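Please read all numbers here as calculations on a predicted model, not as lab measurements. Every chain is numbered from 1 and lettered A, B, ... according to where its sequence line falls, protein lines coming before strand lines.
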Amino acid sequence: MSDSPLPLASALHEPVLRWYAANARTLPWRDPSAGAWAVMVSEFMLQQTPVARVLPAYEVWMERWPKPADLAGEAPGEAVRAWDRLGYPRRALRLHAAARAIVEQHGGEVPDDHAALLALPGVGTYTAAAIASFAFGQRHAVVDTNVRRVFARALTGTAQPSISPTAADQRLAVSALPQDEPTAARWAVATMELGALVCTARTPRCADCPIRSQCAWVLAGSPQYSGPPRKGQTYEGTDRQARGRLLAVLRAATGAVSKADLDACWPDQLQRERALDGLVADGLVDPLPRNRYALPA
DNA sequence: TACGCGTGGAT
DNA sequence: TATCCAAGCGT
């Protein structure tokens, strides 16, 4: 595949970059004084959690652990506790493990190398590219759900991107990347922001879009989504909810809790035991002697 | 590739 | 009220 910009994509660069310069949100991890650790913490927290809910937890976190070594010196359970109700608490465990790896393998500094980032716990394709691009100004295709949606509409002409990320998404994002490194980095954050603020999933604000006159989907008449149905996940009564209840009890406790305290938070015993076993298997809960449980030490 | 993994705001 | 969906990752 050619690495040169598609003609259509290159025509989007200038309006999208201009739009971003005028409309970007002020976010703490975008402040010029925020380092790579700040970017990394924000990226972990933002994996499947909205900005508005991340902001308060992020502030507390960075105040308490301003450097990777500060977090690495804590018990993993403290990271889980500080994760509060952001959801998917395994991310907290992975961020803690990543901080320890950074201390042990990278002298306490977040590495700027994409492959080294990818090797860290909890860092996948997206997060490695995001840190390398946002924190270090490198040229990478940063492909999240926002970017996939913007490109699906603007370039492919479909209402929604594929349900799960595809190699084609990645290739398209690479082909659309500006050649110049700093411009590519601004393009990455700008396309994400456009997807987050204007080219939204449910009700896109096409009237406010800087590329509406070039958007393949708009030019096709904004056809409705016609792909396979997206599986809406229920939550009430699931193992996930049971795990959340159990972990909430442990987060609220100062030290260890009794089995009876855990039993009180979920009625279905079979499901409760399965959820607790899962939390222990994931390293989110330490089983202790005398039938007691605690966040991992 | 498909699935499991939290939580809560918006529509 | 029920459904959608939010800067994914690991297995």
What is the distance, rounded to the nearest whole Å, between atom [atom1] of [X] and atom [atom2] of [N]?
{"X": "A/E193", "N": "C/dA6", "atom1": "CD", "atom2": "C1'", "answer": "14 Å"}
{"X": "A/L46", "N": "B/dG6", "atom1": "CG", "atom2": "P", "answer": "18 Å"}
{"X": "A/M192", "N": "C/dA7", "atom1": "CE", "atom2": "P", "answer": "7 Å"}
{"X": "A/Y126", "N": "C/dA6", "atom1": "OH", "atom2": "C1'", "answer": "12 Å"}
{"X": "A/D144", "N": "C/dC9", "atom1": "CG", "atom2": "C1'", "answer": "14 Å"}
{"X": "A/L93", "N": "C/dC9", "atom1": "CG", "atom2": "P", "answer": "17 Å"}
{"X": "A/I163", "N": "C/dA6", "atom1": "CD1", "atom2": "P", "answer": "13 Å"}
{"X": "A/L55", "N": "C/dA7", "atom1": "CG", "atom2": "P", "answer": "14 Å"}

Query raised in the report: Pick the nucleotide of DNA chain C nearest each of A/W29 and A/V123; which residue has the one closer to the 5' end?
Result: A/W29
Query raised in the report: Which comes earlier along DNA chain C counting from the 5' end, the contact point of A/L120 or that of A/R230, where each point is its nearest nucleotide?
Result: A/R230
Report task. Kindly indicate whether the side chain of A/T49 and the base of B/dG6 share any N or O donor-acceptor pair separated by less than 3.5 Å? Result -> yes
Answer with base, sugar-phosphate or nothing: what part of the nucleic acid does [X] contact at a heavy-atom distance below 4.0 Å?
{"X": "A/L284", "result": "nothing"}
{"X": "A/T234", "result": "nothing"}
{"X": "A/L247", "result": "nothing"}
{"X": "A/R274", "result": "nothing"}
{"X": "A/A130", "result": "nothing"}
{"X": "A/P121", "result": "sugar-phosphate"}
{"X": "A/T203", "result": "nothing"}
{"X": "A/W83", "result": "nothing"}
{"X": "A/F44", "result": "nothing"}
{"X": "A/R85", "result": "sugar-phosphate"}

**Report entry** Residue closer to the 5' end of DNA chain B, A/Q47 versus A/R202 (nearest nucleotide)
**Finding:** A/Q47
Query raised in the report: 5'-most contact on DNA chain B: A/T166 or A/R91, nearest heavy atom basis?
Result: A/T166
Report summary line: side-chain hydrogen bond (donor to acceptor under 3.5 Å, both in side chains) with A/R148: of A/D169, A/T166, A/T191, only one passes, and it is A/D169
Report task. Taking all non-hydrogen atoms of both residues into account, name the closest pair between A/L117 and A/P111 and its distance. Result -> CD2-O, 3.3 Å
Is the shortest distance from a Lys or Arg side-chain nitrogen in [X] or [Y] to a carboxylate oxygen in the other one below 4.0 Å?
{"X": "A/E74", "Y": "A/R81", "value": "no"}
{"X": "A/R91", "Y": "A/E43", "value": "no"}
{"X": "A/R272", "Y": "A/D263", "value": "yes"}
{"X": "A/R18", "Y": "A/E14", "value": "yes"}

Query raised in the report: Rounding to the closest angstrom, what is the interatomic distance between B/dG4 and C/dA7 at atom P?
Result: 22 Å
**Report entry** Whole-angstrom distance between B/dG8 and C/dC9, as gauged at atom P
**Finding:** 23 Å
Would you mind telling me which of [options] lies closest to the side-chain atoms of [X]?
{"X": "A/A201", "options": "B/dG6, C/dA7, C/dC5", "result": "C/dC5"}
{"X": "A/R30", "options": "C/dA7, B/dG8, C/dG10", "result": "C/dA7"}
{"X": "A/E43", "options": "B/dT7, C/dA7, C/dG8", "result": "C/dA7"}

Within less than 4.0 Å of OP1 or OP2 of [N], is there a side-chain N or O belonging to [X]?
{"X": "A/R243", "N": "B/dG6", "value": "yes"}
{"X": "A/Y235", "N": "B/dT7", "value": "yes"}
{"X": "A/S42", "N": "C/dA7", "value": "no"}
{"X": "A/R149", "N": "C/dA6", "value": "yes"}
{"X": "A/Q48", "N": "C/dG8", "value": "yes"}

Query raised in the report: Relative to each other, are the rings of A/W61 and A/W83 parallel, tilted or perpendicular (30° and 60° limits)?
Result: perpendicular
